[in-house]
Structures are given as structure tokens and as C-alpha cells.
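Every heavy atom of this structure was used, including side-chain atoms; hydrogens, water molecules and symmetry mates were not.
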Amino acid sequence: MSEFPVGKIREDFPVLSREVYGKPLIYFDNGATTQKPVQVIEVINQFHREHNASIHRSVNFLSDTITASYEEARVTTQRFLNATKPSETIFTSGATASINLVAFSFGETYIHPGDEVILSTLEHHSNIVPWLMMCERKGASIKVIPISDQGELDLEAFAQLFNKRTRIVAVTHVSNVLGTINPVEEIVKISHSNGVPVLIDGAQAIQHGPVDVQKIDCDFYAFSGHKVYGPTGTGVLYGKEKWLETLPPWQGGGDMIDRVTFEKTTYNELPLKFEAGTTNFIGIIGLAAALEYLKSISIKEIESYEKHIVTYASNALQQIDGLKLFGPTGHKAPVFSFILNQIHPYDTGVIIDKLGIAVRTGTHCAMPLMDRLGVDGTVRASLCFYNTTEEIDRLVEALDVVNTMLS
Ligand code: PMP
């Protein structure tokens, strides 16, 4: 793996060279948010300095320029996802907003009392709560795909969940807790053979490998900008045109309208129908810069380097005395949830933080999954392509210190 230029890549991320508590920062909280490369920081800076004006609305030079860049960002995003048209790419404030959009708009149109939605045990609260809110509003209910003890979806049980009342399936592409990579193409095939559309929550997948929405054949795909090296407050919803055309807007306001009177409003065309109000337009241009940055490294190369990281970290963590690692160990994203002996995850997290290592502890917004695993929480180290095997060695040393202090 020596050919992957991780050292050079790290130079693109200013924060990675800082220290915390007098120790070099090791950032293993990428599942929560990723760091930003200078290529993104500079685009945002430059647009604020030189090109700031409101998009779509004004007849002036700056507005024309930035509107063009915003729409170019849509084409960049469309190509990154291999969507068929730019208008199938809706900009939102994040994966949460994208999922809420579908839960609301799809629910309004297609869900009736007695209908059912299928989710999985692996879901983040962002892909549970919007559906639950919709089900409570519409008198519908949720069915749940069970998982194996290794944290993999039980597809046979999944196929048995369908019936005449099933209206939509919403599953995560990659588990934010276990790193499980779900077989999304198979999930879509099974769902479509039952005549049911699928939303994929790609918040933890888009940053780790190529995503081709045509190949997956999903009906909706959601992700957040800040987890893919872009700015916070940006996100994407991909939707097949045939669905987006039929769904009502989920928010009303400027830009999403065609004509407004006090009696009636007609809506704008796709994609603007779903982009009410002033979006985080400079952020979206920054998101496109992040996607271009990943393309310049090659998302395939990133995936292959991260496979090496998965193997190295899985082996290293399993050597640690009393460490229980949850989830699959082979084919997975570089996300490691564990508990060290009987030590509370919070205590482990606080001690290794003082040694310079940033992780997350707790339920990771996945309480139903914690219930299934039979734990109150875990320590989660979530890695990415700027992390190194030397950093993993430092984590192992730090966990040995925790063991010595608290076991
Ligand atoms: N889905 C998954 C799998 C996630 O990990 C997260 C964020 N942790 C979300 C959805 C929500 O993303 P955001 O908070 O950026 O909207």
C-alpha cells in the first residue's frame, strides 16, 4: 500500500498538523464529521471574498456568476453519483434533511392508514425518526430487518417482510456504528421485485467508495456534505425523476414556486421545487470542490487504501487484552466500535483524548442497534483515507494505557 500518497494527502488538511494536549492530533472521529482540505477551504473563502451574491434571483454580474457555479456544482454532484440528469440532484442541508424530505413528501402522497415501511436494525436515528413521525401522522407502521450477531442484515428475513401494504424501504448503505457495508443492489432488487421503492442513506458510504445510483438502481440516495470533506449545512438528495415529479414539496418559500397568489401556488420545476428559500449556496459550491478533490485522488484508490486500513486496524484491535469488537471484521468500512473490558466507553474516550486521539463514545444515534447488541454504548474509532497505520499503533498503545489504569 506504500503507493497511496497518504503523507502528501495529509498536507492538504491543515487541522491534521495541530496538537491537542501537547500531543499530535489523531483524528478518528470521521464518522461524525470529516476534516476539510485546503482545496475546499479556499473555494469557500474565495466565493465569500469575490463572488458573493444571492443565486437565481438577481439580475447582476455577481449573481449570474455564482448561480452558474451553483448549477455547475449540481452537475459535479450528478456525475459523482452517476445520476442521469442534474435535475435529479436536490441540494439540502444534510442527510437528515434529505431523508425528512422523502419521509414527508413520499408519505403525503403514497402512505395511507395500515401501510408499512421497512427499515433495518442498523439505522441511524435520522433514518428512523422521520419515518416514525410520518407513520404517526398517517396511521402507518414500521417493520425492521433483523441483523446477525456480526451485524449483517438478514436478507432472507427481509424478503419475508413484504406484503401488500409495504410502501417503501429505507436502509443505510454503511452502518455508522459497525461499518457494515449493506448489499444495497440486492436490497433494491428484492424490493423492486415486490414493487416497492428504496431510499438509501449514504451518509457513511459516499466518502468510502464509488457510488453509482444507476447501478444500485435505488429510488433515492441521501448524504451529507460535511462527512465527505465538504462544508457543514450541505447535503444531497438524489431521486429518480419519476418519483420527484410526483412528490409534493416538503417546504414552501422563495425559489420553489412558479406563481403565487393568496388563493393558489404553483410550483417550480425540478430540482428547485425542493429547494425552498436561500440555500447554503457557497457551501454547496464547497461541497462540489470536495467531490472534485476526491475524484482527483481517485475514489477507487481511496477505497483500496481504506481496505488496507480495515485489515490493519481489525488485526491490531483484536490483539488487545479484553477488547470486544462489534460488527464484521472483513468486508467493512473503517469504522470500529468496541468496548474495553468492563470499562465505561466514556472513560476510555476521555483518557485516549488526553493522549491526543479523538474518538466518539455513546450510542452513536443508533439506540435500537445498541439494544440489539445488548450494550449502553461503545467507543467508536472511525477512520478514513488520511489516517495511517502509525496512528492505529498509537491507538493500540493508548488503549493499553487505559487497560493498565482502569482494568
Ligand atoms: N445517517 C447516518 C448513517 C449517519 O451516520 C448520520 C450522521 N451521523 C446521518 C444519517 C445524519 O447526518 P447529518 O447529521 O449530517 O444530517
Side-chain angles (χ1 to χ4, degrees), residues 33-58 60-102 105 126 201-203 205-207 211 213 220-239 241 244 249-257 268-296 299:
T33 198
T34 51
Q35 301 300 344
K36 319 304 168 200
V38 281
Q39 289 81 349
V40 170
I41 297 167
E42 274 168 15
V43 163
I44 295 167
N45 194 354
Q46 187 202 359
F47 270 81
H48 278 113
R49 281 171 171 273
E50 296 175 30
H51 308 300
N52 182 44
S54 187
I55 52 164
H56 293 146
R57 296 180 203 182
S58 312
N60 63 61
F61 179 85
L62 286 184
S63 178
D64 283 352
T65 314
I66 199 159
T67 301
S69 300
Y70 184 79
E71 292 306 328
E72 269 168 38
R74 202 183 302 279
V75 174
T76 302
T77 311
Q78 172 217 344
R79 292 193 180 136
F80 197 83
L81 293 171
N82 194 29
T84 47
K85 295 179 177 178
S87 57
E88 292 183 321
T89 302
I90 314 291
F91 290 129
T92 67
S93 62
T96 301
S98 301
I99 297 167
N100 271 276
L101 188 166
V102 179
S105 297
S126 289
D201 173 359
I206 192 82
Q207 62 282 55
V211 169
V213 289
F220 303 99
Y221 196 94
F223 69 90
S224 292
H226 72 105
K227 292 186 198 281
V228 63
Y229 314 100
T232 44
T234 65
V236 171
L237 174 69
Y238 156 80
E241 187 181 55
L244 295 177
W250 78 304
Q251 288 182 330
D255 238 20
M256 52 74 73
I257 51 88
N268 210 335
E269 293 175 347
L270 290 177
L272 300 184
K273 178 171 95 170
F274 292 107
E275 292 180 11
T278 305
T279 57
N280 181 2
F281 50 86
I282 293 185
I284 293 294
I285 293 165
L287 167 58
L291 300 181
E292 292 288 7
Y293 174 74
L294 292 186
K295 254 173 64 183
S296 75
I299 189 85

So, using salt bridge (charged side-chain N to carboxylate O under 4.0 Å, His left out) as the criterion, who are the partners of D255 when residues are at least two apart?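 By the salt bridge (charged side-chain N to carboxylate O under 4.0 Å, His left out) rule, D255 matches R57.
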Tell me the closest heavy-atom pair linking [X] and [Y], and the distance in Å.
| X | Y | answer |
| --- | --- | --- |
| P249 | S105 | C-OG, 3.8 Å |
| P231 | G283 | CG-O, 3.2 Å |
| A53 | N60 | CB-OD1, 4.4 Å |
| D64 | S58 | OD1-O, 4.0 Å |
| Q35 | Y229 | O-CD2, 3.4 Å |
| L272 | R74 | CD2-NH2, 3.9 Å |

Within a strict 4.5 Å, meaning less than it, do heavy atoms of the [X] and [Y] side chains meet?
| X | Y | result |
| --- | --- | --- |
| S69 | H51 | no |
| I206 | K227 | no |
| F91 | V236 | yes |
| L101 | S98 | no |

Atom pair [atom1]/[atom2] of [X] and [Y] - distance to nearest 0.5 Å:
| X | Y | atom1 | atom2 | value |
| --- | --- | --- | --- | --- |
| L237 | T77 | CG | OG1 | 12.0 Å |
| I66 | S54 | CD1 | OG | 8.5 Å |
| I44 | Q39 | CD1 | CD | 12.0 Å |
| E71 | T76 | CD | OG1 | 11.0 Å |
| N280 | T232 | CG | OG1 | 7.5 Å |
| S296 | L291 | OG | CG | 11.0 Å |

Taking everything shown except E269 itself, do over 12 heavy atoms lie less than 6.0 Å from its CD?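 Counting other residues, nucleotides and ligands, CD of E269 stays at 12 neighbours or fewer.
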Has the side chain of [X] got a donor or acceptor atom that lies under 3.5 Å from a matching backbone atom of [Y]?
| X | Y | result |
| --- | --- | --- |
| T234 | T92 | no |
| Q78 | T89 | no |
| E88 | E241 | yes |
| K85 | A83 | no |

Compute the ring centroids of F281 and H56, then answer whether they are less than 6.0 Å apart.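 Centroid distance F281-H56: not below 6.0 Å, so no.
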Matching residue for S126 among T96, D201, N100 - test: side chain to side chain donor-acceptor pair (under 3.5 Å):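 That would be T96; it is the only one of T96, D201, N100 passing the side chain to side chain donor-acceptor pair (under 3.5 Å) with S126.
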Stepwise side chain to side chain contact (heavy atoms under 4.5 Å, CB included) check, V211 with F223: CA-CA 11 Å; V211 169; F223 69 90; over 6 Å; no
Holding to side-chain hydrogen bond (donor to acceptor under 3.5 Å, both in side chains), I want the full list of residues that pass it with N45, two or more places apart in sequence or in another chain.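 Testing N45 for side-chain hydrogen bond (donor to acceptor under 3.5 Å, both in side chains), a comparison that skips the adjacent residues, returns R49.
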